[in-house]
Amino acid sequence: MEKTDCIFCKIIKGEIPSHKLYEDEFFIAVLDLNPAAYGHTLIISKSHHENLLDLGDTAGANFIKAAQMVARAVIAATEAESFNLIQNNGNFAGQTVFHFHAHIVPRKQIDGLNFSWIAKSAPKGFMLEMTEKITRELNP
Ligand code: AMP
Ligand code: ZN
């Protein structure tokens, strides 16, 4: 299924150009147009799904296979020592294109990138409360 005003659906259909690297039954991989590092690659679902929760079981299960394959190639080609797999879901998580995709960003020792956060303290009561709430959601 596609969405007519979706930029990634247009890439999938070949209506706008991209640097395509990989394709399987469920995903394509293209170079990100505004890379965080050279070799920054997007893995994009072939069908229009808004985010990870919308992706469905079959494509979801096949995602890891595609991600491993593409990450290995990106690492080898860029001579990277590490990589980040980043996958944003929703406005407040930084998602800007609302069609499922994940980023593979090759990393080197001194690359000027920083995807870190300031860690909060985790008081025991808060940890227990969160454990209880989340496990209740998982086991209704
Ligand atoms: P996100 O913030 O996770 O939604 O990431 C969207 C990504 O899509 C950004 O890194 C953009 O640079 C990238 N992007 C947007 N348009 C294109 C395009 N036409 N071709 C390749 N990458 C794109
Ligand atoms: Zn789309």
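Just so you know, ligand 1 is whichever comes first in the structure, and atom 1 is the first atom listed for that ligand.
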TODO: Determine, using heavy atoms of H19 and all atoms of ligand 1, whether some pair is separated by less than 4.0 Å.
DONE: no

- [ ] Would you please determine whether F98 falls within less than 4.0 Å of ligand 1 on a heavy-atom basis?
- [x] no

Open item on the list: Heavy atoms only: which of T41, D32, I16, N51 lies closest to atom 9 (C) of ligand 1?
Closed with: D32

Task: Identity and separation of the nearest protein heavy atom to atom 5 (O) of ligand 1 - done: H101 NE2, 3.1 Å

- [ ] May I ask you to list the atoms of ligand 1 that are less than 4.0 angstrom from any heavy atom of I11?
- [x] 18 (C), 19 (N), 20 (N)

Open item on the list: Rounding to 10°, state the angle centred on the Zn ion (ligand 2) that links ND1 in H99 with SG in C9.
Closed with: 110°

Open item on the list: If you consider just the N/O/S atoms, which atom of H48 is the closest one to the Zn ion (ligand 2)?
Closed with: ND1

Task: E25, CD atom: more than 12 neighbouring heavy atoms under 6.0 Å - done: no

Open item on the list: When you measure from the side chain of N89 to the backbone of L52, do you find a donor-acceptor pair of N or O atoms at a distance under 3.5 Å?
Closed with: yes

TODO: Could you tell me whether the side chain of I11 reaches within less than 4.5 Å of the side chain of I28, counting heavy atoms only?
DONE: yes

Open item on the list: Looking at E50, is its backbone amide N or carbonyl O close enough to the side chain of Q95 to form a donor-acceptor pair, meaning the two atoms are under 3.5 Å apart?
Closed with: yes

Task: Linked, directly or transitively: F8 and F27 (ILVMFWY side chains, under 4.5 Å) - done: no

Open item on the list: List ligand 1 atoms under 4.0 Å from L31, heavy atoms only on the residue side.
Closed with: 21 (C)

- [ ] State whether the shortest distance between N or O atoms of V97 and N or O atoms of ligand 1 falls below 3.5 angstrom.
- [x] yes

Open item on the list: Please give the remaining members of the hydrophobic cluster of I86, linking ILVMFWY side chains under 4.5 Å, ordered by chain and number.
Closed with: V105, L113, F115

TODO: Look at atom 2 (O) of ligand 1 and say which protein heavy atom is nearest, naming residue and atom and giving the distance to 0.1 Å.
DONE: G94 O, 2.8 Å

Task: Interfacing atoms of ligand 1 (cut-off 4.0 Å, heavy-atom, N88) - done: 1 (P), 2 (O), 3 (O)

Open item on the list: Quick check against the 3.5 Å criterion: does D111 have a side-chain atom that pairs as donor or acceptor with the backbone of R107?
Closed with: no

TODO: Could you pull out all residues at least two apart from H103 that satisfy ring pair (Phe, Tyr, Trp, His ring centres under 6.0 Å)?
DONE: H40, H101

Open item on the list: Just to confirm my output: which protein heavy-atom neighbour is closest to atom 4 (O) of ligand 1, and how far is it?
Closed with: T96 N, 2.7 Å

Task: Given H48, H49, K3, the one that forms side chain to side chain donor-acceptor pair (under 3.5 Å) with H99 - done: H48

Task: Atoms of ligand 1, numbered as shown, that sit under 4.0 Å from any heavy atom of L42 - done: 8 (O), 13 (C), 22 (N)

TODO: Write out the residue and atom name of the closest protein heavy atom to atom 22 (N) of ligand 1, then the distance separating them to 0.1 Å.
DONE: L33 N, 3.1 Å

